[in-house]
Each structure stands twice: as structure tokens, then as C-alpha cells.
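Here is the structure we will look at, set down as C-alpha cells.
What's counted below: heavy atoms across the whole structure, side chains too, no hydrogens, waters or symmetry copies. When a residue number appears, it is its place in the shown sequence, counting from 1. Remember, predicted model here, so these are calculated numbers, not experimental data.
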Amino acid sequence: MRTTEETEGFDGEASNTSMISGASSPYQPTTEPVHALNVLGGLRCDLEYLRSYFGILKAVEVVLSVIGFICIETVMMCAPCGGVYFFEFVSCSASVVTGILLLIFCLNIHTKVPHINWNLTDLGNTAVSTLFFSLSSLVLAFINSKTGSEIAAVVFGFLVTGVYGLNTFLAVRRYRRGNGSQGAAQANDYIRARTASRGEMEARSEIA
């Protein structure tokens, strides 16, 4: 029959053993706080972007698209109406998408989501908007009821087409410049890695 001291001794050894095994266990509960992913944290208006060429062009695109949409919405009667509906859809879609991108770049939200190629996204938006605005403006210019609202919409449509075309040209240059610098950086990393591996091989040959 075990005495009380022996029992306490065994209990102490068991507790010590459990503490040691728990300390050495790889499945330890973490005490570090888990921070939630805050994408919208630290938003600020980037005035430098608004003063840049891309910021100014985007603001002008949104304003002209909205004006063209308002002009086409004031058309009360049309025959035929295909050109009116097409221009209405293009002006509304372009103003919404470009306005969202303008907010994303102005508030630096694109820096919170780095896995998206924002330069390519911007290039795609400007290229598609240039194409569809040019088509819708041409269709409305040939198929309209000669009303003042339709003529005004055609004028603003061609104006915003020119602005989108300039933005597309600058976006293509920026995209090519970015790919060129990225390719040069990758080439430098490859050369650096080859040089380091060659140095290791020479060192091993000297030791041998």
C-alpha cells in the first residue's frame, strides 16, 4: 500500500512529465492575436494620382460619359431607337466602370489587393470603352431623329472616345514599360544566381 508521500511524489512526477511532454509537443496553442484582413483600412485620397495624367483623364472620361448619358436620356421620341439604346448602354456602363476604377486608384485600394494586375485592368477598360464608344457614336450619328439631344450625345460621344483613346495609348506605354522592367529584373536575378552557383562550384573544385 502506497503512502501519501509516495502518492504525492508520483503525482508530482506525472504532472512534471505531462508539462514536459506538453512543452515539447509541436501542437502548442498560440497566444498571438489573429488580426483580421482589413482591406479598407487606412484609406486616404491620393492627390498625386488626381494630378497625374491618368487621374485627370479618368475624371474627364467620367464627366463626359455622364453628360452623354444625360443627353441620350432626354430623348423623348426616337425612330428607329437602336442607336439610342446602344449609346445609352455604353455611356452608362463606361461611366460606372471608369468611376469605380477612379475611386480604387484615388483611395489606394489597389495597393491592398496586389494579386490583381491593375495596370492591365485599366488598359482593358480603356481599350474596350474606346471601341464601344466609337461604335455607338457612329451608329447614333447615322441612325437618329435629328433631335438636339441626339446630336449633343453624338458630340460628347466622340469627345469621350478621343479621351479614352489617349488614355489607352498611355496605358499601353505604361504596361510595356512595366513588363520591360520586370523582365530586366528577372534577367538580373538569373545572372546573379548563375554567378553565385559558379562561384560555389569553383570553391568546391579548389577544396577537392
Can we say K58 and E61 salt-bridge, meaning some charged N sits less than 4.0 Å from an Asp/Glu carboxylate O?
no
Show the numbers, then the answer: is there a side-chain contact (heavy atoms from CB on, under 4.5 Å) between T111 and N108?
CA-CA 6 Å; T111 60; N108 286 322; 3.8 Å; yes
Rounding to 0.5 Å, atoms CD1 (I104) and OH (Y49) come to a distance of 10.0 Å
Could you label the plane-to-plane angle of the F133 and Y164 rings as parallel, tilted or perpendicular, counting under 30° as parallel and over 60° as perpendicular?
parallel
Grouping I, L, V, M, F, W and Y whenever their side-chain heavy atoms are under 4.5 Å apart, do I116 and L107 come out in a common cluster?
yes
Are any non-hydrogen side-chain atoms of S145 and M77 less than 4.5 angstrom apart?
no
Interatomic distance, CD1@I72 vs SG@C78, rounded to 0.5 Å, equals 8.5 Å
Residue pairs fulfilling side-chain hydrogen bond (donor to acceptor under 3.5 Å, both in side chains) with at least one residue in residues 74-85, sequence neighbours excluded:
T74-S149
Applying a strict under-4.5 Å side-chain criterion to I, L, V, M, F, W and Y, I'd like to know whether L57 and L103 cluster together.
no
L102/T98 under side-chain contact (heavy atoms from CB on, under 4.5 Å): CA gap, chis, key distance, verdict
CA-CA 6 Å; L102 180 61; T98 306; 5.5 Å; no
When rounded to the nearest 0.5 angstrom, what distance separates CG in N167 from OG1 in T126?
5.0 Å
Would you say CZ of F132 has more than 12 non-hydrogen atoms from neighbouring residues, nucleotides or ligands within 6.0 angstrom?
no
To the nearest 0.5 Å, what is the distance between CZ on F54 and CG on D122?
7.0 Å
Could you give the distance from OH (Y175) to CG (L120), rounded to the nearest 0.5 Å?
5.0 Å
Rounding to 0.5 Å, atoms OG1 (T168) and CZ (R173) come to a distance of 13.5 Å
Residue pair L166 / Y53, side-chain heavy-atom distance below 4.5 Å:
no
